[in-house]
There are 2 protein chains.
Amino acid sequence: MSGQTIHLAIVDDHPLILEGLQKLLEGAAGIEITGTFGNAQDCLAFLTTGRADILLLDITLPDASGLDLCREIKQISPATRILALSNHSERSMILQMLQQGASGYMLKNVAADELIRCIREAHEGLLTFSKAVREIMAKPSAAELREIPRLTKREKEILLLIADGKTTAEIAGMLHLSPLTIETHRKNLLQKFGTPNVAAMMKAALQHGLM
Amino acid sequence: MSGQTIHLAIVDDHPLILEGLQKLLEGAAGIEITGTFGNAQDCLAFLTTGRADILLLDITLPDASGLDLCREIKQISPATRILALSNHSERSMILQMLQQGASGYMLKNVAADELIRCIREAHEGLLTFSKAVREIMAKPSAAELREIPRLTKREKEILLLIADGKTTAEIAGMLHLSPLTIETHRKNLLQKFGTPNVAAMMKAALQHGLM
DNA sequence: AATTTTCTACTGGTTTTCCGGTAGATATGA
DNA sequence: TCATATCTACCGGAAAACCAGTAGAAAATT
């Protein structure tokens with residue numbers, strides 16, 4: 001693999017960005033741009049027959065979100081390594097891209113030499129970020145660490161059972177408690193999360209990493 | 001910061017690991033081990049008064065999960081950078097640690113020089129992983145990419161509103177549709193996810209990254 | 001143009017959740 | 001020992017979700 005040509009594809013909705021990246025990379029030894037696309041659909045069409053070792057992927061596209069496209073590409077072309085290239089600098093977005101299978105993330109102000117380094121590292125099968133992204137990721141924001149409901153042991157146990165789709169009656173049977181007891185716990189959980197129903201509570205709990 | 005002594009704390013439930021790490025690091029210039037703990041509680045007690053620039057954190061502890069401890073430490077001591085040091089090599093676990101605010105992750109078989117490099121990089125405010133972890137992260141498993149329900153545009157729209165805690169009547173009002181239409185969409189969503197109710201559907205949707 | 005998919009809306013009913021509380025027993029902490 | 005927190009259980013009822021379908025219109029695809 002080392003010494004082989006890296007086949008690179010790029011998706012970005014701005015032609016100027018595509019032009020700029022091509023110019024930036026044309027001097028890079030061992031990197032060949034095999035396709036550039038302005039939207040998700042063209043990229044997907046290319047990948048069903050074409051080949052890309054590395055895909056530089058913007059997150060904001062006209063016909064799909066980069067998150068959805070990332071997940072879809074990893075499904076149809078698992079060997080393609082995806083590097084997000086985006087102006088989105090929120091830590092949560094970076095984590096979501098990783099969750100969708102991306103192998104790395106760079107902000108659009110990345111320098112040429114760093115861009116090339118990241119492309120090479122991704123090609124080597126390594127998770128890779130530009131330095132700016134590594135700094136962002138090492139700094140969880142205050143919002144992300146905002147007060148998360150402190151659940152008692154029993155509450156957490158019941159929350160997990162609710163998440164498994166169990167009804168109040170089922171949970172009562174499993175824990176050998178009265179359904180009215182479970183109803184009280186549910187009520188308390190909704191109050192702790194400040195949510196009107198289970199749907200919103202599940203979202204909050206998962207986003208806070210309580211499950 | 002560069003040239004300053006790094007105050008390092010370590011949490012692991014195995015005394016032999018604590019001993020081994022101390023031995024491994026005692027020759028490292030600029031790294032001072034300020035505390036070692038065998039459980040979550042002792043570590044938390046230390047951090048309420050003591051100080052650690054970097055915390056090496058095992059995930060399996062006798063009195064708490066490393067995930068919960070990570071989140072809790074970041075809340076009481078946001079400046080402390082946390083590096084997970086674990087035998088857990090699943091990509092999902094790594095992502096969860098990042099979500100709880102960790103600045104990096106290493107497997108326990110990490111070499112001494114790499115361990116020291118990661119400690120230094122974390123101290124510099126950078127996200128950092130051992131090479132083995134970078135390789136794992138760049139390789140989403142097949143299970144993670146398993147078939148995810150394909151939602152229509154309208155279904156996704158309604159799913160997001162459900163996740164925001166809206167009732168059928170509220171969603172109907174917002175979208176100018178009949179509540180009966182929304183009920184049909186809900187039924188179809190439950191069938192696509194194969195879940196008995198909204199709670200389980202929310203869990204599945206979030207874990208698949210559909211939101 | 002024909003077919004398929006998506007979206008819309010409906011029936012009549014059952015099940016489940018949510019509401020806004022009260023309150024005693026047990027466990028835990030100071 | 002005392003205070004606090006957690007867990008347990010209850011009231012009566014309204015609101016909401018879930019069930020198992022049918023079915024036509026519009027949009028999208030072939």
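Letters go in sequence order (proteins before strands), and every chain restarts at 1.
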Show me the pairs that pass salt bridge (charged side-chain N to carboxylate O under 4.0 Å, His left out) and involve [range], at least two apart or across chains.
{"range": "residues 161-182 of chain A", "result": "A/D164-B/K203"}
{"range": "residues 39-61 of chain A", "result": "A/R51-A/D53, A/D58-A/K108"}
{"range": "residues 185-197 of chain B", "result": "B/E155-B/K192"}

Are any side-chain N or O atoms of [X] and backbone N or O atoms of [Y], one a donor and one an acceptor, separated by less than 3.5 Å?
{"X": "A/N197", "Y": "A/A200", "answer": "yes"}
{"X": "A/T128", "Y": "A/A122", "answer": "no"}
{"X": "A/R120", "Y": "A/I31", "answer": "no"}

- request: Produce a footprint string for nucleotides 11-30 of chain C: one letter per nucleotide, 5' end first; B if the base is under 4.0 Å from any protein heavy atom, S if only the sugar-phosphate is, - if neither.
  value: B-----SBSBB---------
query: Can you list, by residue number, the residues of residues 152-160 of chain A that have a non-hydrogen atom closer than 4.0 angstrom to DNA chain D?
result: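 Listed by number, they are A/T152, A/K153, A/R154.
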message: Do B/L115 and B/L83 have side chains that approach each other closer than 4.5 Å (heavy atoms only, starting at C-beta)?
response: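 Of all side-chain heavy-atom pairs linking B/L83 with B/L115, none is under 4.5 Å.
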query: Quick one: bend of the helix from C/dA1-D/dT30 to C/dA30-D/dT1 from 5 pairs per end, to 10°?
result: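 Comparing the axis at each end, I get an angle of 80°.
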- request: Kindly write out the residues that satisfy ring-ring contact (aromatic ring centres under 6.0 Å, His included) with B/F46, not counting sequence neighbours, or none if the list is empty.
  value: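 Once residues adjacent in sequence are excluded, the partners of B/F46 under the ring-ring contact (aromatic ring centres under 6.0 Å, His included) criterion are B/F37.
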Which residues satisfy the side-chain hydrogen bond (donor to acceptor under 3.5 Å, both in side chains) test with [X], sequence neighbours excluded?
{"X": "B/S130", "answer": "none"}
{"X": "A/R134", "answer": "B/E121"}
{"X": "A/E157", "answer": "A/R154"}

message: Regarding A/T181, tell me which of base, sugar-phosphate or nothing describes its non-hydrogen contacts under 4.0 Å with the strands shown.
response: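 Base, at least one base heavy atom under 4.0 Å.
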Bounds of contact between DNA chain D and chain A, in 5' to 3' order, using a heavy-atom cut-off under 4.0 Å: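 Footprint of chain A along DNA chain D, 5' to 3': D/dT6 to D/dC10.
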Which donor-acceptor pairs under 3.5 Å do side chains of residues 173-185 of chain B form with protein atoms, sequence neighbours excluded?
from	atom 1	to	atom 2	distance (Å)
B/S178	OG	B/L180	N	3.1
B/E183	OE2	B/T168	OG1	2.7
B/T184	OG1	B/L180	O	3.1

